[in-house]
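The next block holds one structure in the form of structure tokens; read it before the comments.
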Amino acid sequence: MAFGKGRGNKRTSTSSYASTITMVVFVALCVIGVWMLSTNSFIPSQITQATTRTVIAETERSDVSASSNGNEEPEPTNPESDEHPTFQDNPGKLPDDAVKSEDEQQKSAKEKTNSKAGDEGERQNQKQETETQQNNEKENKKNDEGQVKEVVKEFEKEQKEQREEDAGSQPGNNKGTQEQENVQGKDMQDVKQGQDQDSNTDVTYTDATKEELPLEVGKRYASQKSKNQENGQQQQQQEEQNLKSEENGQQQQDDQNSKNEENGQQQQQEDQNSKNQENGQQQQQEGQNSKNEENGQQQQQQQEDQNSGKEESGQQNMENNNMVNDENVKEQKNMKDENGQQDEQSTTKEENVEQQQAEQNDEKKQEGAGASGFGSGIPKESAESQKSWKSQATESKDEKQRQTSESNNADSIMTGKAWELCNATAAYDYIPCLDNEEAIKKLTSRGHFEHRERHCPEDPPTCLVSLPEGYKESIKWPESRDKIWYHNVPHTKLAEVKGHQNWVKVTGEFLTFPGGGTQFIHGALHYIDFLQQSVKSIAWGKSTRVVLDVGCGVASFGGFLFERDVIAMSFAPKDEHEAQVQFALERKIPAISAVMGTKRLPFPSRVFDLIHCARCRVPWHNDGGMLLLELNRMLRPGGYFVWSATPVYQKLEEDVQIWKEMSALTKSMCWELVTINKDKLNGIGAAIYQKPTTNECYEKRKHKKPPMCKNNDDSNAAWYVPLQACMHKVPTNVVERGSKWPVSWPRRLQTPPYWLNSSQMGIYGKPAPLDFTTDYEHWKHVVSKVYMNEMGISWSNVRNVMDMRAVYGGFAAALKDLQVWVMNVVNINSPDTLPIIYERGLFGIYHDWCESFSTYPRSYDLLHADHLFSKLKPRCNLVPVMAEVDRIVRPGGKLIVRDEANVIREIENMLKSLHWDVHLTFSKHQEGILSAQKGFWRPDTSQTST
């Protein structure tokens with residue numbers, strides 16, 4: 001009773017003061033609520049200025065009612081956690097109403113009731129005004145859903161088809177097949193109904209600032225208008241929830257006969273619920289609100305018992321309060337059902353996570369070998385298949401092992417604070433493995449062009465290469481074959497030295513290429529036809545498809561071979577003929593920087609149909625013919641070597657001596673001199689040799705020089721393997737690679753090589769020929785259905801393409817009908833499938849992505865990486881790999897990544913720190929896909945000199 005007396009003594013002295021305080025608190029809470037409703041949801045600051053919108057995929061979408069809560073606010077992709085930040089309001093102390101007298105409480109209640117009535121009328125008007133806006137918003141949402149529908153549909157279709165195919169190929173698996181069909185049917189039904197709540201599925205589009213750069217942008221982005229409409233709908237839904245809460249409050253007020261303590265409690269609950277909705281945590285706060293309400297009501301009941309001493313009345317009030325609490329709980333549960341909320345309380349959350357993981361494991365078991373990655377349509381690489389395939393690292397036993405330091409500050413790189421410009425002498429032409437000045441200074445000899453070979457830094461660089469001043473987007477093919485922007489490759493030395501031979505000329509703001517060369521001043525096409533007329537069996541584009549051009553210059557020979565349906569791997573060293581390979585790449589002609597020095601070139605044995613040397617300045621006859629023997633290793637049995645040089649047609653003493661030595665060498669190598677023909681127009685001559693198809697000549701030689709290589713010498717080993725002055729025998733077994741010439745182009749593109757037999761297990765666990773065909777069909781489907789239409793890529797702007805982790809070359813084969821060429825890179829730690837790629841009329845190279853690639857900066861329009869980065873992570877840091885990706889891609893160039901979902905998020909963060917525009921991310925079942933575009937951004941700071 002002491003507490004009750006104290007309150008009674010205070011009643012007359014603080015009546016006006018308490019009433020004023022109550023109104024001030026009420027108004028303040030209303031102002032805060034309105035402010036929070038009209039303020040955008042909290043979004044963590046991003047690394048770039050791009051705005052990211054997370055769009056739930058078709059399999060997760062569901063039609064939401066007007067009462068959906070604020071939890072649907074888009075959130076940025078978070079690689080660390082999928083949980084939303086929680087913001088909980090502290091209920092604090094009881095309001096002043098709880099200790100007021102009955103008269104004061106009645107007076108305050110009347111004022112609040114009048115205020116609520118006015119607010120209710122105003123909100124009813126707002127509800128009617130927003131109905132039209134909601135209808136319009138639904139139409140816009142349907143359009144946004146349509147943007148993602150095709151991508152999701154195609155991926156789901158791929159999974160279903162592959163599951164059926166894999167199940168059908170395994171005998172005695174009918175039950176598993178039926179289960180897969182049932183699961184897939186359920187997935188497709190969920191897609192149609194838009195009710196899949198799988199938290200592993202996520203699609204992100206980025207709408208970059210399009211006015212900054214003149215870059216081609218994706219065609220499927222979310223508009224800012226759509227985002228504003230979504231925010232408006234969320235505000236409307238929150239208002240309707242508040243309206244329902246007010247109706248409950250008035251019903252509670254009638255049931256309790258104007259018990260003012262409860263009005264204050266109800267107002268507190270409304271304010272608290274409003275805050276919880278704005279922070280996206282209404283469901284987590286529900287239990288807290290119910291608990292606070294019960295505690296407050298018990299305190300109110302005790303106070304009323306002390307004042308009135310009416311135990312019976314107090315019990316009745318408690319019963320009424322319990323009824324109201326039950327009604328509030330039911331109303332909140334109905335609101336959750338209408339909003340599509342299916343989250344559990346914290347006590348059952350861990351059980352749901354375990355259940356979801358179990359379901360995912362069941363799905364993986366059902367998919368079996370049918371999912372190499374999300375939407376891949378082909379199974380993962382079989383562990384058993386690794387036993388029957390050698391990798392380039394295994395074949396190259398003398399390869400130097402390189403370990404990369406893991407101390408790179410990846411975390412600071414992620415924040416965009418650590419990227420710096422490279423401080424290299426080569427500046428914007430920097431190639432880390434060819435411009436390693438420190439390593440070159442330590443060389444003891446340069447007589448065999450050791451200084452032009454690869455010397456990679458022990459710690460791969462994480463710096464970025466600068467852009468030439470005045471750099472512009474490169475000119476499109478085929479116009480680029482004839483001219484490029486001068487400021488993109490600002491070098492004039494070749495124009496000064498070779499201009500009279502029609503290599504390159506400076507024409508205003510352009511560098512122009514008349515199509516000539518040292519041996520074909522009057523044009524490469526005439527020279528190409530001259531070779532065809534000299535040896536009819538060359539048959540450009542039919543029998544001869546893949547060519548190696550040694551000492552290519554600006555690669556005009558390879559550039560014009562495209563008109564004969566022939567692809568040429570052109571290479572030249574980075575030497576005093578500055579930027580000759582860079583000219584080729586800027587012209588959109590395939591080329592790499594390499595030299596014939598002391599090590600084998602990074603190509604398999606017996607893969608090139610023809611090798612060409614036009615004044616390539618290579619001393620073939622020196623060192624026992626070691627360099628010519630390297631050509632013999634790479635040349636297909638029955639293939640041609642075209643030597644167009646002055647010793648063939650001039651009679652100077654030096655030329656005559658070289659010709660004698662060259663003739664003796666080729667004879668001892670059993671090469672047949674097919675013809676020596678002269679081109680009268682260009683005033684040159686060409687000697688054409690052919691490699692034998694049998695070992696008969698080798699066995700009949702008298703002097704056995706050059707010697708035959710040892711039987712255990714692997715001719716395919718080509719990664720940092722020293723050259724040897726020996727010859728490998730020609731395969732004679734009809735099922736061995738190289739014993740037959742490939743079928744004619746283009747049939748060879750889709751025909752499994754004859755030396756792939758069904759007893760050999762393919763990369764994905766099927767018989768090798770079936771594996772080959774499955775891979776080809778898969779990539780044709782992905783390219784035609786997804787890459788061509790749903791990735792926001794304008795393929796007319798794409799010419800130079802690289803498949804960073806090729807297997808059978810299926811991706812490149814699927815692009816056959818486009819005006820592109822693809823550099824297929826087979827990683828040294830992957831199964832050695834590069835010979836298969838050449839056999840089907842494509843080309844490629846061995847490489848280790850823990851090192852820099854032998855090409856100039858800004859070389860490629862598009863890079864494609866299928867499960868590359870997840871396989872690199874155990875071996876090397878991804879930060880320098882991404883710096884290398886940024887180096888070789890042109891501004892405006894694209895990157896497509898298919899990989900594990902966690903790797904996709906990591907790559908996305910690094911790309912954003914590099915200021916790339918991430919157009920699309922999609923992930924499901926722990927697999928994902930990403931599409932991004934490089935911009936013109938470069939850091940403001942440079943590395944300090946060491």
Margin query: Using the salt bridge (charged side-chain N to carboxylate O under 4.0 Å, His left out) criterion, which residues pair with R858? Sequence neighbours excluded.
Written below: D429
Checklist line | Listed partners of K780 passing salt bridge (charged side-chain N to carboxylate O under 4.0 Å, His left out), at least two apart | finding: E777
Check: Does F520 have any ring-ring contact (aromatic ring centres under 6.0 Å, His included) partners at least two apart in sequence or in another chain, and if so, which?
Finding: Y527
Note to self: Among residues at least two apart in sequence or on other chains, which ones pass ring-ring contact (aromatic ring centres under 6.0 Å, His included) with W485?
What the structure shows: F510
Next item on the list: Please name all residues satisfying side chain to side chain contact (heavy atoms under 4.5 Å, CB included) with Y754, sequence neighbours left out, ordered by chain then number.
Entry: S739, K740, E839
Next item on the list: Could I get the full list of side chain to side chain contact (heavy atoms under 4.5 Å, CB included) partners for H487, not counting sequence neighbours?
Entry: none
Check: Does Y860 have any ring-ring contact (aromatic ring centres under 6.0 Å, His included) partners at least two apart in sequence or in another chain, and if so, which?
Finding: W821
Check: Any chance the rings of H864 and Y787 have centres within less than 6.0 Å?
Finding: yes
Next item on the list: List in chain and number order the residues that pass side chain to side chain contact (heavy atoms under 4.5 Å, CB included) with V826, two or more places apart in sequence or in another chain; answer none if no residue qualifies.
Entry: T833, L834, I837, Y846
Next item on the list: List for me each residue that meets ring-ring contact (aromatic ring centres under 6.0 Å, His included) alongside F843, sequence neighbours excluded, and say none if there are none.
Entry: none
Note to self: The criterion is side chain to side chain contact (heavy atoms under 4.5 Å, CB included); which residues satisfy it with V607, sequence neighbours excluded?
What the structure shows: P604, R737, Y838
Next item on the list: With sequence neighbours excluded, tell me which residues meet salt bridge (charged side-chain N to carboxylate O under 4.0 Å, His left out) with R840.
Entry: none
Check: salt bridge (charged side-chain N to carboxylate O under 4.0 Å, His left out) with K542: which residues, sequence neighbours excluded?
Finding: none
